[in-house]
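Scroll down for the structure; my scribbles are underneath it.
This one's a predicted model, so the numbers in the text were calculated from it and none came from an experiment. Keep in mind that the numbers below use all heavy atoms, side chains included, and drop hydrogens, waters and symmetry copies.
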Amino acid sequence: MNEQTKNLTLLGNQNVTADSLGPDTAAKVLVNAHLSEDVRGKSPQIAVIAPGVMGQTGIETAKIVRSICQSEDFDVVIAIDALATKSLKRINHMIQISDTGIHPGSGVKNKRMGLNEKTLGVKVISIGVATVMSVEHLIQEKLHEMGYGDSKYNQLDDLDMVVTPKEMDEVKLHLSDVLALGINRALNQHFNQM
């Protein structure tokens with residue numbers, strides 16, 4: 001990314017522990033879009049928002065971000081969100097990075113407008129960490145491990161709940177440190193000199 005590139009880092013929902021990875025990371029990302037080029041040097045302009053989720057704002061998150069991208073002429077969105085997984089072994093152990101965007105809420109059967117290049121009009125890099133698992137998949141995984149077939153337990157799909165480890169508060173702080181460190185090192189030329 002050259003010195004003219006403007007980056008918008010989008011990050012998620014602060015009111016739910018397992019889903020607050022984004023806002024926790026946002027607080028640790030070094031912003032510089034407000035600084036002059038003399039101060040910023042060759043680092044790209046970096047701004048951070050944590051727009052919340054539709055249940056908090058009443059507005060699709062993608063629409064909020066699209067509006068900001070258009071008015072501020074951003075080039076890239078880095079979207080950070082918690083992910084749901086189908087395997088207990090992946091919780092807090094998997095970081096997924098993609099250039100295809102992200103669909104908030106899709107892991108918990110809550111379809112929202114996607115944040116991707118088509119909907120936002122800019123490139124999107126999504127970073128997700130598996131922090132929750134549906135009760136349905138947890139039970140199915142444990143039954144499978146005990147040797148029971150999945151076919152007998154088709155009625156589990158109406159268990160519309162998710163679970164997260166009890167130590168999630170502490171783990172999420174470490175995960176946000178890792179993500180913010182990676183973003184700061186990737187985008188800020190002066191970061192390694194601090």
Can you name the closest pair of heavy atoms from [X] and [Y] and give their distance?
X: Gly114; Y: Thr119; result: O-OG1, 2.7 Å
X: Lys86; Y: Met133; result: O-CE, 3.2 Å
X: Asn116; Y: Thr100; result: CB-O, 3.6 Å
X: Ala33; Y: Ala47; result: CB-CB, 4.1 Å
X: Val124; Y: Gly101; result: CG1-CA, 3.8 Å
X: Pro44; Y: Asn32; result: O-ND2, 3.1 Å

Derivation and outcome, side chain to side chain contact (heavy atoms under 4.5 Å, CB included), residues Leu179 and Val129: CA-CA 10 Å; Leu179 296 181; Val129 179; 4.1 Å; yes

Quick one: does any side-chain atom of [X] pair with a main-chain N or O of [Y] as donor and acceptor, under 3.5 Å?
X: Asn188; Y: Asn184; result: no
X: Ser126; Y: Ala79; result: no
X: Ser67; Y: Ile64; result: no
X: Asp75; Y: Val122; result: no

How many angstroms lie between [atom1] in [X] and [atom2] in [Y], if you round to the nearest 0.5 Å?
X: Leu173; Y: Met168; atom1: CG; atom2: CE; result: 9.0 Å
X: Lys89; Y: Ile91; atom1: NZ; atom2: CD1; result: 12.5 Å
X: Ser176; Y: Leu181; atom1: OG; atom2: CG; result: 11.0 Å
X: Ile102; Y: Gln96; atom1: CD1; atom2: CD; result: 7.5 Å
X: His93; Y: Thr85; atom1: NE2; atom2: OG1; result: 11.5 Å
X: Ile183; Y: Ile127; atom1: CD1; atom2: CD1; result: 4.5 Å

Whether over 12 other heavy atoms sit under 6.0 Å from Glu170 CD: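 Counting neighbours around CD of Glu170, 12 or fewer heavy atoms of other residues, nucleotides or ligands fall under 6.0 Å, so no.
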
Close side-chain approach of Ile125 to Val76, heavy-atom, < 4.5 Å: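 They are in contact (side-chain heavy atoms under 4.5 Å apart), so the answer is yes.
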
Criterion side chain to side chain contact (heavy atoms under 4.5 Å, CB included) on Leu115 and Asp81, from CA distance to verdict: CA-CA 11 Å; Leu115 284 82; Asp81 202 3; over 6 Å; no

Steps toward side chain to side chain contact (heavy atoms under 4.5 Å, CB included) verdict (Thr131, Asn92): CA-CA 6 Å; Thr131 60; Asn92 298 329; 3.9 Å; yes

Basic-acidic side-chain contact under 4.0 Å: Lys28, Asp177: yes

Pair Leu83-Arg90, side chain to side chain contact (heavy atoms under 4.5 Å, CB included): steps then yes or no: CA-CA 10 Å; Leu83 302 176; Arg90 292 183 187 147; over 6 Å; no

Among Gln70, Lys63, Arg66, side chain to side chain contact (heavy atoms under 4.5 Å, CB included) partner for Leu120: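 Looking at Gln70, Lys63, Arg66, the match for Leu120 under the side chain to side chain contact (heavy atoms under 4.5 Å, CB included) is Arg66.
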
